[in-house]
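So the structure is just underneath, and the comments pick up after that.
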Number of protein chains: 2
Amino acid sequence: MSSSSIRRYHTAKKIQSAAIALAVKNGLNNITTEAIACAAGVSARTFFNYYPYKEAALMGPQPDYPEDAAELFINGTGSLLADLRELISVHISRFLHEREMLGHLLKLSETDPKLTALRNNAVLARRGKMAGLLQRRLPDTDPRMIDILASAIIAATNNATQSWALGVSEDFVEAAMENLSLILPAARLLEEDD
Amino acid sequence: MSSSSIRRYHTAKKIQSAAIALAVKNGLNNITTEAIACAAGVSARTFFNYYPYKEAALMGPQPDYPEDAAELFINGTGSLLADLRELISVHISRFLHEREMLGHLLKLSETDPKLTALRNNAVLARRGKMAGLLQRRLPDTDPRMIDILASAIIAATNNATQSWALGVSEDFVEAAMENLSLILPAARLLEEDD
DNA sequence: TGATTCTGATGCAGTCACTGCAATTTGGCG
DNA sequence: CGCCAAATTGCAGTGACTGCATCAGAATCA
């Protein structure tokens, strides 16, 4: 990452945390982009150089799986489950210090429909990334199956993210593995009669 | 449904189809809410009585699973898969005549990021509905499993919707069943070594 | 060091999305 | 025909967002 990108990332984060702090205090509808920009120490115009609209600022810069860990996952030789554990564990390690902010964001997106939409969008974007990784790891698999598996994995890790960010569970990775282990029994429900 | 609700629904649809038609011709960014309202034969103000923002008009009124079919599914006695087939088959039957418009909408949402977000949001909203139905059908199941299963089901039916609306497959229900049958093998991938 | 150049920040002006309110019309119903 | 509730509309105002021209700072090079 070039030094200018680091600088950009930092400013983006500063705007995000200002936006979340203000939204938590006053409600998303009662704060203006100008107020956010001002609290973040940039001009109103600069705000829009970083985020195309107000709600996007709350979501912040969208993180991807780290490239090296992704490579390891693609070429992994263990079971899918075991290698997945490595991947998400490296992924989450970068956000351990943002737990509180993430919790606020989750609560905010429960109240505001536009934020809900953006969060859902972020979830499905991540699903796309996961599907890409899976497809490269299992090149001969039916893409429709890849898609379905990716959905299940993201649903599982999302459960974990939420319970971690909202303080229900302490260890993210453990919660994630627990959820992931539910995928197979969940799928089995389909074929059983009740 | 009361007669006034029917009227409302009809107007909502009229606005939606005007919006999609204009967006297909000129691009979503080059049309104003006023132009959409005018093309739909309502005032600019009325537009916002139906949709809170421009992009929402393209998505139209969000359909839910029909109540009677949902009841049947909840109390169904066949395998989950078989009863699911009934449910989605009744669900889709109401939209068979909108295939072309749906195709346009899907293509539009590939180009515009806000529309992508809304579409993804609609998908996850539907996942929530599906999870609700599943939970009532299988009351003693771990909610986390329900969530995961709902995700997989929605991913599968979504695949089907897309290939149907874009003209790849002719029979929606058949495509959906094919996708649903991939859920279990997809889940099995998790535990295998490669 | 001083000239240059490039990236990012800013101010300004304009357009249009969107809202609240108050008035009017419409369509159903006795 | 007359009444009521729902739907439609106009209007005026706020603020989100854009294009453009300019400006400050930092890196590069002679």
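Residue numbers start from 1 in every chain, and the chains themselves are labelled A, B, ... in the order their sequence lines are given, proteins ahead of strands.
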**OP:** Quick one: list whatever passes salt bridge (Lys or Arg N to Asp or Glu O under 4.0 Å) with A/K129, sequence neighbours left out.
**Re:** A/D64
**OP:** Check the distance between D/dA7's P and B/I6's CD1 and give it to me in whole angstrom.
**Re:** 13 Å
**OP:** Show which residues join A/L166 in its hydrophobic cluster (side-chain heavy-atom contacts under 4.5 Å, direct or indirect), or state none.
**Re:** A/L106
Subject >> Strand-adjacent residues in residues 17-26 of chain A, judged by heavy atoms under 4.0 Å from DNA chain D >> reply: none
**OP:** Give every residue pair that meets the side-chain hydrogen bond (donor to acceptor under 3.5 Å, both in side chains) criterion with at least one member in residues 20-32 of chain B, sequence neighbours excluded.
**Re:** none
Subject >> A/K114 NZ - D/dC17 P separation (whole Å) >> reply: 7 Å
Subject >> Sequence neighbours excluded, every pair satisfying side-chain hydrogen bond (donor to acceptor under 3.5 Å, both in side chains) that has a member inside residues 92-108 of chain B >> reply: B/K13-B/E98, B/H91-B/R94, B/R99-B/E170
Original post:
For B/E55 and C/dC16, what is the distance between atoms CD and P respectively, to the nearest whole Å?
Top reply: 15 Å
Original post:
For B/D171, which residues count as a salt bridge (Lys or Arg N to Asp or Glu O under 4.0 Å) partner, sequence neighbours excluded?
Top reply: none
Subject >> Set of residues satisfying salt bridge (Lys or Arg N to Asp or Glu O under 4.0 Å) with respect to B/R136, sequence neighbours excluded >> reply: B/E71
Original post:
Sequence neighbours excluded, which residues qualify as side-chain hydrogen bond (donor to acceptor under 3.5 Å, both in side chains) partners of B/S89?
Top reply: none
Subject >> Pair assignment for DNA chain C - dot-bracket with | for other-strand partners, Watson-Crick or G-U under 3.5 Å >> reply: ||||||||||||||||||||||||||||||
**OP:** Linking directly or through intermediates, with side-chain heavy atoms under 4.5 Å: list the remaining ILVMFWY members grouped with A/V90, chain and number order.
**Re:** none
Subject >> B/Y51 OH - C/dC18 P separation (whole Å) >> reply: 14 Å
Subject >> For B/E178, salt bridge (Lys or Arg N to Asp or Glu O under 4.0 Å) partners two or more places apart >> reply: A/R144
**OP:** Using atom types as modelled and distance alone, determine if a side-chain donor or acceptor of B/T116 lies under 3.5 Å from a backbone N or O of B/S109.
**Re:** yes
Original post:
For residues 27-50 of chain A, which residues have at least one heavy atom under 4.0 Å from DNA chain D?
Top reply: A/I31, A/T32, A/T33, A/R45, A/F48
Original post:
For B/R8 and D/dA6, what is the distance between atoms CZ and P respectively, to the nearest whole Å?
Top reply: 11 Å
Original post:
Is B/K54 close enough and on-axis enough to B/F47, meaning under 6.0 Å and within 45°, for cation-pi?
Top reply: no
